[in-house]
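This report refers to the structure that appears directly beneath it.
If you read the sequence from its start, that first residue is 1, and numbering goes on from there. Keep in mind the model is a prediction, meaning the values are calculated, not measured. The basis for the numbers below is simple: all heavy atoms, side chains too, and nothing from hydrogens, waters or symmetry mates.
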Amino acid sequence: MNLESQKVTLQKSAEETFNFLSDIKNFENLMPENISKFEVLGEDKFLFALKGMPEIVLKKKEAVEYSKIVLGAAGGKIDFSLTGHINSIDTNTSEVHLVFNGEFNAMMAMMIKGPISKFIDTLAVNMPKAV
């Protein structure tokens with residue numbers, strides 16, 4: 001399953017945007033209002049839970065300076081990744097596009113497609129205010 005957020009334009013350089021997303025503590029500022037738990041578990045790992053959903057642990061898996069951050073499932077039964085693609089528009093402007101990728105059976109995909117689409121769009125929409 002491959003889901004994409006809308007692209008958002010930030011009034012920050014690609015370097016500033018990359019540095020913000022590289023610090024996993026900052027993801028708390030991007031979370032939807034219905035978050036029930038957020039906990040930093042280490043320099044590159046955090047746990048979060050949305051009301052009515054199980055806890056999810058994300059770990060920073062890859063970072064390509066100023067252009068890409070990849071977070072992935074850290075343990076658990078489902079394997080997925082959330083990639084932030086950062087494009088520099090000019091020295092003070094960048095664009096971010098989030099892509100969720102995961103392997104799920106048809107039943108699970110049907111159940112989670114809507115909530116995950118809404119979740120990644122919320123992360124993207126909250127970026128201009130938080131970065």
Side-chain angles (χ1 to χ4, degrees):
M1 183 168 66
N2 189 13
L3 303 171
E4 299 184 23
S5 75
Q6 57 187 294
K7 291 180 181 177
V8 290
T9 302
L10 309 175
Q11 300 306 311
K12 299 285 183 185
S13 69
E15 181 178 356
E16 289 173 290
T17 301
F18 175 84
N19 290 338
F20 178 87
L21 293 176
S22 291
D23 184 350
I24 54 112
K25 292 185 295 278
N26 290 329
F27 277 84
E28 185 171 12
N29 300 320
L30 302 177
M31 292 288 158
E33 288 180 17
N34 67 337
I35 187 167
S36 61
K37 186 174 190 177
F38 186 92
E39 189 178 321
V40 174
L41 302 175
E43 197 174 292
D44 63 350
K45 194 186 322 183
F46 66 94
L47 173 149
F48 73 96
L50 303 175
K51 289 184 178 95
M53 299 284 281
E55 292 181 351
I56 296 172
V57 178
L58 286 176
K59 180 178 175 64
K60 189 174 10 168
K61 302 271 187 170
E62 182 184 353
V64 178
E65 210 164 74
Y66 313 143
S67 65
K68 182 167 85 169
I69 300 278
V70 180
L71 301 176
K77 293 183 173 95
I78 46 179
D79 189 30
F80 63 88
S81 66
L82 178 63
T83 304
H85 296 279
I86 304 164
N87 294 317
S88 179
I89 294 173
D90 61 38
T91 53
N92 295 314
T93 312
S94 58
E95 181 181 71
V96 178
H97 178 225
L98 299 176
V99 177
F100 175 91
N101 217 316
E103 294 292 321
F104 305 103
N105 66 41
M107 186 68 146
M108 176 76 105
M110 207 169 64
M111 289 179 0
I112 65 173
K113 185 176 183 178
I116 291 177
S117 292
K118 185 176 180 185
F119 174 72
I120 63 173
D121 263 339
T122 300
L123 293 180
V125 166
N126 288 342
M127 265 185 223
K129 294 176 279 194
V131 177

From CA spacing to verdict: side-chain contact (heavy atoms from CB on, under 4.5 Å), F119, T122: CA-CA 5 Å; F119 174 72; T122 300; 5.7 Å; no

Sub-4.5 Å side-chain heavy-atom contact between V99 and H85: yes

Test item: M1 and F80 side chains (from C-beta on) under 4.5 Å apart, heavy atoms: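 No. Closest side-chain heavy atoms not under 4.5 Å.
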
Is [Y] reachable from [X] through a run of I, L, V, M, F, W or Y residues, each pair having side-chain heavy atoms under 4.5 Å apart?
| X | Y | answer |
| --- | --- | --- |
| F104 | L3 | yes |
| F38 | L21 | yes |
| Y66 | V131 | yes |
| L47 | L123 | no |
| L41 | I24 | no |

Which atom pairs, donor and acceptor, lie under 3.5 Å between side-chain atoms of residues 49-58 and protein residues at least two apart or in another chain?
residue: E55; atom: OE2; partner: K37; partner atom: NZ; Å: 3.0

Atom [atom1] of [X] and atom [atom2] of [Y]: how far apart are they, to the nearest 0.5 Å?
| X | Y | atom1 | atom2 | answer |
| --- | --- | --- | --- | --- |
| L71 | T83 | CG | OG1 | 8.0 Å |
| L10 | K129 | CG | NZ | 12.0 Å |
| S22 | K60 | OG | NZ | 4.5 Å |
| L82 | I120 | CG | CD1 | 7.0 Å |
| M127 | T9 | CE | OG1 | 12.0 Å |
| N126 | M31 | CG | CE | 10.0 Å |

Full working for side-chain contact (heavy atoms from CB on, under 4.5 Å) between F48 and I35: CA-CA 7 Å; F48 73 96; I35 187 167; 4.3 Å; yes

Table please: side-chain donor-acceptor pairs of residues 88-96 below 3.5 Å, with sequence neighbours left out.
residue: S88; atom: OG; partner: D90; partner atom: O; Å: 3.4
residue: D90; atom: OD1; partner: N92; partner atom: N; Å: 2.9
residue: D90; atom: OD1; partner: T93; partner atom: N; Å: 3.0
residue: D90; atom: OD1; partner: T93; partner atom: OG1; Å: 3.0
residue: S94; atom: OG; partner: K12; partner atom: O; Å: 2.9
residue: S94; atom: OG; partner: T17; partner atom: OG1; Å: 2.8

Nearest heavy atoms of M108 and N105, plus distance in Å: N-OD1, 2.7 Å

Minimum-distance pair of heavy atoms, taken over all atoms of A124 and L98: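 Scanning both residues completely, I find the closest heavy atoms to be N-CD1, 3.9 Å.
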
Within residues 102-124 or reaching into it, pairs that qualify as salt bridge (charged side-chain N to carboxylate O under 4.0 Å, His left out) - sequence neighbours excluded: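 Passing the test, one end in residues 102-124: no pairs.
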
I86/H97 under side-chain contact (heavy atoms from CB on, under 4.5 Å): CA gap, chis, key distance, verdict: CA-CA 7 Å; I86 304 164; H97 178 225; over 6 Å; no

Worked check of side-chain contact (heavy atoms from CB on, under 4.5 Å) between F18 and E65: CA-CA 7 Å; F18 175 84; E65 210 164 74; 4.2 Å; yes

Side-chain donor or acceptor of E16 paired with backbone N/O of S13 under 3.5 Å: yes

